[in-house]
Amino acid sequence: MSETTPSSRPRDGAGTRSRQQIFSALIGRTGVLAALILLIIVSSFLNDRFLSVPNLMNVLRQVSIVGILAVGMTFVILTKGIDLSVGSILGVSVVLFAGILETQSMAVAIPLGILAAMALGLVNGLGVAFAGIPPFIMTLGMLSFARGLAFIYTGGTPIPILDEAFFNLGNGYTFGVPNPTLILLGTLLVSGFVLTQTPFGRSVYAIGSNEDAARLSGVPVGLYTTIVYVISGGVAGISGLVYASQLSVGTPIAGQAYELDAIAAVVVGGTSLFGGKGSVTGTLIGTLIIGVLANILNLTGVDPFVQQLFKGALIVVAVFIMARSSRA
Amino acid sequence: MSETTPSSRPRDGAGTRSRQQIFSALIGRTGVLAALILLIIVSSFLNDRFLSVPNLMNVLRQVSIVGILAVGMTFVILTKGIDLSVGSILGVSVVLFAGILETQSMAVAIPLGILAAMALGLVNGLGVAFAGIPPFIMTLGMLSFARGLAFIYTGGTPIPILDEAFFNLGNGYTFGVPNPTLILLGTLLVSGFVLTQTPFGRSVYAIGSNEDAARLSGVPVGLYTTIVYVISGGVAGISGLVYASQLSVGTPIAGQAYELDAIAAVVVGGTSLFGGKGSVTGTLIGTLIIGVLANILNLTGVDPFVQQLFKGALIVVAVFIMARSSRA
Amino acid sequence: MRGATMTDLLLDARGLTKRFGDNVVLRDVDLSVAPGEVHAIVGENGAGKSTLIKILGGVHRADGGSMRLEGREISLSSPQAALDHGIVVIHQELSLAPHLTTVENIFLGHFLRNAFGMLDHRRMRARTDELLKRLSIDIDPTIPVGRLSIAQQQMIEIAKAISVRAKLLILDEPTAVLDANRVDTLFELIGRLKSEGIGVVFISHHLEEIFRIADRVTVLRDGSRTGTEPVRDVDHDWLVSRMIGREFESYTSKQRQRGEVVLELEGLSSEGAFEAISLQVRAGEIVGLAGLIGAGRTEVAQAIFGVRKHSGGTMRLNGAAVRLSGPRAATRRGIAYVSEDRKAFGLLPNRPVRENMTISNLARFTSFGVLRLSRERAFVREQIEELDIRLSGMQATISTLSGGNQQKALLGRALAGRPKVLIFDEPTRGVDIGAKREIYRFIEDLAEEGAAILVISSEMEEVIRLSDRIIVMRSGRVAAELQRAEASEETIMRAATMA
Amino acid sequence: QETMPISGKTCAELLEQYEGLPFTDVLPLEAGPIEVDGSTDEIVIGFSQTGFNHPWRIAMLEAAQAEACRHENVSMIVLDGNVDVAKQNNDVRDLIARGVDAVLLSPVESAALMPAARAVMNEGIPLIVMDRDVPTEKTLFIGQSNVTMGERVAEVMAEDLGGEGNIVVITGLQGSSPAVDRDQGMKNVLADHPGIEVLAVGDGEWIREPAVPIMEDFLTAFPDIDAVFSHAEESSWGAQLAIARAGRCEDGILHYTFDGSNAGFTSVRDGTFRADGNYTPFIGDIGMRAALYTLMGMEIPGAEEYGQPGVQLALPDSPTVTEANAEEWIGRGWGDFAPPLDPCQ
Ligand SMILES: Nc1ncnc2c1ncn2[C@@H]1O[C@H](COP(=O)(O)OP(=O)(O)OP(=O)(O)O)[C@@H](O)[C@H]1O
Ligand SMILES: Nc1ncnc2c1ncn2[C@@H]1O[C@H](COP(=O)(O)OP(=O)(O)OP(=O)(O)O)[C@@H](O)[C@H]1O
Ligand SMILES: [Mg+2]
Ligand SMILES: [Mg+2]
């Protein structure tokens, strides 16, 4: 379970090992991509419509909600944390968008909904970073708490969204690409940039890799950890925006159990639950693997009950293959 | 977030510290118990029927299903693992009990249902211990897989259980105590004995405390880790027995999301998610805290949506207080 | 320095006091450092050295006392604040992020940015190459540091420390994991920093190092300062007496009776680790395994213990060839191994001392599948007495013990299996001088009782002091076998390093 | 003014809604305090609901709350079964422990609530079971059948299709009892229409979101779909969104659905849906009145044996809502929200 075994210690004079290391790093990274490509090839044989442009567009749109959540989750998992509350926070933002749009314009609703999501993320962050509550517990509490908020806000009844412009935001296209997909890509690019090109991003890795070391090196660990949960919350709000605008309904049960899908996408994408290792690119690939699988199972008309079996097995097999290939 | 900080190295000549240690250990352990007692006192003021014998019996019966799950979960968490699949495994055993009872007797159905649950646990265990799949992922996959099995087995339709003897098992009393409660206590006693009085139990703590050190000390880590997941699965089967016999229906959605309740009970009971620290007694207290809270919220007629808020907040607050008191 | 005025001092800390709960770990301690001075701190395990350092580094806040830097009163609320004042600390526990590269670790907390505020990868890489060259570290700076050896990681910590412009550099036991060559490199570097007017605080349990590079030395005992003197005015015995509060009785080792060959390796090889290792250990004999770090000694021990597969050769126990499948099999055969890395492979950190000491052979305390706790307690009590482990009780969580006492508890664990062969890998790493002697005595007593013992150590003095015979390894091969009489630091070093 | 749990509405708001309820003439009851044995002491009615994850369930609660509001000495304790039989079982026992005067129960699962129902009856507490039955002794059962409801909607579909065609099915949450029953009803009808082929089945979980990707994928896989049989209005709206996105509005794919909300009826009127199974939640107020009748010692007129333990109150049938009667039913369904814009129109 732990990552270091007594026999895995390398010897001095790393020169001799570097070639092999580069090799295994490559396999590790391309392993996920190869799995995706393999899945795509198999799928294209299973159903000849799979590779059609409209279907590929569908897949891209379908994965966007969980994909965006997974991007935010990547930050959290990189710090060795976990955020079980993203589905509920998504739910809060969805009902807020709907509720505010009843009387206000999009320009008011969107920032308010996302700010509220960030505020809930902030509570998570403060609890984890400063009150010393384990992330699993803090966000498990928030899972229940935020869902309660969404129900209370709506009184349990979905709020319809009749704003035409808002509907178009979620269902329209820009440059021929569905808007939700663009929002996913935008979130991904910004996140990837932040994680690889900014001091904050590298510090996120450092915190997950060795929190004490990061603190001793002068990284403001508490602040950054808090920010990470705020990001995860805010990104859940963005995901909620896609949800609400696509479906034009503010239902308080929006996003139930999505946290598990998001975590699965992150881990299948090669990010380690033990922190410090991973990337949002991997998360995108992981999201696509899960999305393509769901798509091809639907296209081939597999019984929904059996789909559950596949979904469960896939996660395990994907991670197993990755663990193997990165060890090789 | 991590439990060891660079500053945690202790000093020699611990004599001076011992009084303080004993004190803080007491607070740490009795902290949870004190919380339970406090909750009971407050509850008895909030509603005068709370302390009535039938109501206390209710609480004891009500907590039994999740309580039993939580006992199995304690083993897993002590090894630093997690088992997200217990709710689904419970579901599989429940539909099996119902299905087998259609044609067979209790004497056949009970062992078969529990064996099936153990088999699923075995798959978890092998995946974690030998295929190197992180527990979170292995059991997340199993969560989906086992639920799929339950649906496929029933075709999605609940199977009614008409066996009167089976019904009495879940709804009867022995020596004036509800049978489910006795099953919970039995599971608890056996588990407590195994954990504290056998080499296996001792090794479970060692694995969670430092897996590599345990391995170098000759503990058969792979085998024992596997057994721990088999126990968790088997105990989920026992919990399923209580479920099915109490409710006399084999519904494929039985136990959905129970894993989170079980984990919450374990952690509120003072067992550390970082492994190696905790006890089933704590888990019982944690289970009771959550059960009493649910009961008193129901008795006082608090808005169910608001109950969600309370439930979320309680978990966080309980863990926060415990973290404080054990640090003091 | 005694005449130095206040304003000349770089650091002037007075009356530092620190409590954890109601446990006072530092009591009214003064420490001053002048520019260009190397000030050593010595003391037993748990004396409070690291705590003092952590106060200076902004990790802990003092409960009392004051600190002045260059004459100005400072207050350090975080490691960041200390860094901002030019106080750079290398802590006792390695503090690198294993998943990050060398470049990233060196600049963690003070990344270089380009004009847009983004990471300036190129400039950081260039600076890193420069630093590594200066410290003669030959590694690929773009691989995760977790893949490097501990010694290499320690050198990277040093590189990281000098990458910032420090006024005061504090090193907490930096040499504990370095071999002689790297210690030389480090000391050269310290010399250079001295000449640049940088103040250095240096902690080590190796007293000879104090005499090599320190200008002044402060001794701590039980959280109090028991003396501060210029190094040239003091000697080894003075330091020891100040540290432990009494004179050290000199020790003479007894003659031991050697018996049959118990452990025998013949041409044992393991790919990438060692080749054609042959050695014998007799009952009642202590064999030292010396060599530089990375020579492959730990790997040999791991192979004997069954943790590492060996590809060629034979291992014999009491004359019979055996192939061990793992630590469990080894333990059953009466082999015990005490790892060099206490934290990673030894301690069950949040379990009581009692459980830590019996985990390796619970069968011994079990009948009919149930633990016999009284039998267990008796064993543990006996070991605590035997090893003179100082603790509040056997229920104390082991991580609350000082390093030396933790190590002793793990030695006690090795005995739970009633071993006939014991392998001690760096048995006194990070252990103070008092505890060290007790551990030596313990090992010797075991040998006297007829155990076959293999001691791996990077400290020449230690191997020479303990061993009846010394096997020197170099690059995974046996370079020399020295009888006690022929063994000296020089002969060992020559065998260990000769190309 | 005090708001009611869950709905968050005040009595004034609820009483206004009461005016529009369709079944207030079933078990009529004057407003004003309820007198039991000559006293008007506080009466507490416990209501254990399946779960509040669907507005249909909330509409049912609001109807009961509205009735309670008409009688100043009647109050309610409302518990949320969370769609979990074990939780609901516990809830009912908590209501007994709390000493409520009567229990309104809308079970998650028929058989599973039997022990809890028995416990209520053993305590001598009146038990009114609503929507789904419990196969044990009870004071009264009030409900409609999802199976026959499913049959009716499927009959409309079979007729529209002329007994020939390809359909896809989007179910309610897998394993939940209305989903199982509505599916059964459909299967009963399709057994007589071998020309209608079910191309694929997906799990819409009662809501809109999962229905969209499922329908998108079905549209990709099957070039020729004549109708979508969905267990929930929400999922049907989601399916329509998927049709619009796929540019298949021209295919004229027909929607058959359930739930009986005003929004659903509006969608029927506007031509988005062909038929909406009119499954009414307005049994909540009837149940409340039945409980009060029982407490006051009054006969329940119309209660009859029905082959299960206890008696049932047969409700006037709610006709399936189609183009023909949609206008007439708008305002008599539940929910006061608007349907989404039809993206195909
Ligand atoms: N704790 C450790 N973590 C990482 N690498 C290590 C560790 N200990 C040793 N190594 C590395 O493992 C390789 C094999 O060395 P090994 O430990 O067998 O040699 P050794 O002669 O026993 O050295 P040492 O004096 O460190 O015990 C070397 O490159 C060494 O630096
Ligand atoms: N965070 C802490 N909480 C409680 N006690 C502490 C903490 N940190 C240190 N101590 C106590 O302070 C004492 C001094 O520890 P310190 O680490 O300073 O010793 P040291 O002199 O550096 O020992 P060593 O030579 O083993 O490194 C220890 O006995 C320990 O019990
Ligand atoms: Mg120290
Ligand atoms: Mg070694």
Side-chain angles (χ1 to χ4, degrees), chain A residues 2-25 28 77-80 193-224 271-272 274-279 326, chain C residues 57-59 78-84 89 91 93-100 104-105 107-113 116-119 121 138-140 142-152 160 164 272-273 292-296 298-299 302 305 307-309 327 339 341 344-345 476:
Chain A
S2 110
E3 290 201 306
T4 36
T5 62
S7 48
S8 69
R9 303 270 220 58
R11 48 183 290 123
D12 231 335
T16 51
R17 299 198 81 224
S18 66
R19 212 164 350 129
Q20 200 209 326
Q21 274 163 7
I22 292 168
F23 183 66
S24 79
I77 292 183
L78 281 175
T79 66
K80 209 173 185 164
F193 181 81
V194 167
L195 281 175
T196 56
Q197 303 299 323
T198 67
F200 168 74
R202 297 323 290 171
S203 303
V204 165
Y205 282 87
I207 292 170
S209 184
N210 183 347
E211 189 185 328
D212 294 327
R215 187 173 291 116
L216 292 176
S217 304
V219 173
V221 172
L223 175 68
Y224 282 4
T271 295
S272 161
F274 303 105
K277 216 180 88 191
S279 68
S326 68
Chain C
V59 176
S78 67
Q80 181 64 60
L83 285 167
D84 291 345
V89 184
H91 289 277
E93 318 266 331
L94 280 176
S95 26
L96 297 174
H99 297 91
L100 300 193
E104 289 170 333
N105 265 292
F107 289 98
L108 184 59
H110 56 275
F111 287 110
L112 301 183
R113 299 163 194 245
F116 308 103
M118 300 303 138
L119 294 175
H121 295 289
D138 176 27
I139 51 149
D140 175 355
T142 61
I143 62 168
V145 300
R147 302 219 187 124
L148 304 176
S149 75
I150 286 216
Q152 288 169 333
K160 176 178 178 173
V164 268
L292 297 183
I293 287 179
T298 296
E299 269 93 342
Q302 288 174 344
F305 199 55
V307 189
R308 164 176 288 274
K309 295 223 159 47
S339 164
D341 193 338
F345 300 114

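Closest heavy-atom contact between A:R202 and C:E104: NE-OE2, 2.6 Å.
Residue C:K309: no heavy atom, backbone or side chain, is found under 4.5 Å from chain A. Interface remark: C:L83 contributes side-chain atoms only to the contact with chain A (heavy atom separation under 4.5 Å).
Counting only heavy atoms from C-beta outward, the side chains of A:L216 and C:V59 approach each other to under 4.5 Å. Side-chain contact check for C:P144 versus A:K277: every heavy-atom pair is 4.5 Å or farther apart.
Comparing C:N105, C:L100, C:V89, C:L112 by how many heavy-atom pairs each has under 4.5 Å with chain A, the most go to C:L100. Listed options C:G57, C:A82, C:P98, C:G58 were ranked by heavy-atom pairs under 4.5 angstrom with chain A; first place goes to C:P98. Contacts with chain C were tallied for A:V194, A:T198, A:T196; A:T198 has the most, counting heavy-atom pairs under 4.5 Å.
With sequence neighbours excluded, the residues satisfying ring pair (Phe, Tyr, Trp, His ring centres under 6.0 Å) with A:F200 are A:Y224. Not counting sequence neighbours, A:Y205 has no partner by the ring pair (Phe, Tyr, Trp, His ring centres under 6.0 Å) test.
Taken from CG in A:N210 to OG in C:S95, the straight-line distance is 7.0 Å, to the nearest 0.5 Å.
Counting only distance, with no hydrogens or angles, the side chain of A:S209 and the backbone of C:H99 share a donor-acceptor pair below 3.5 Å.
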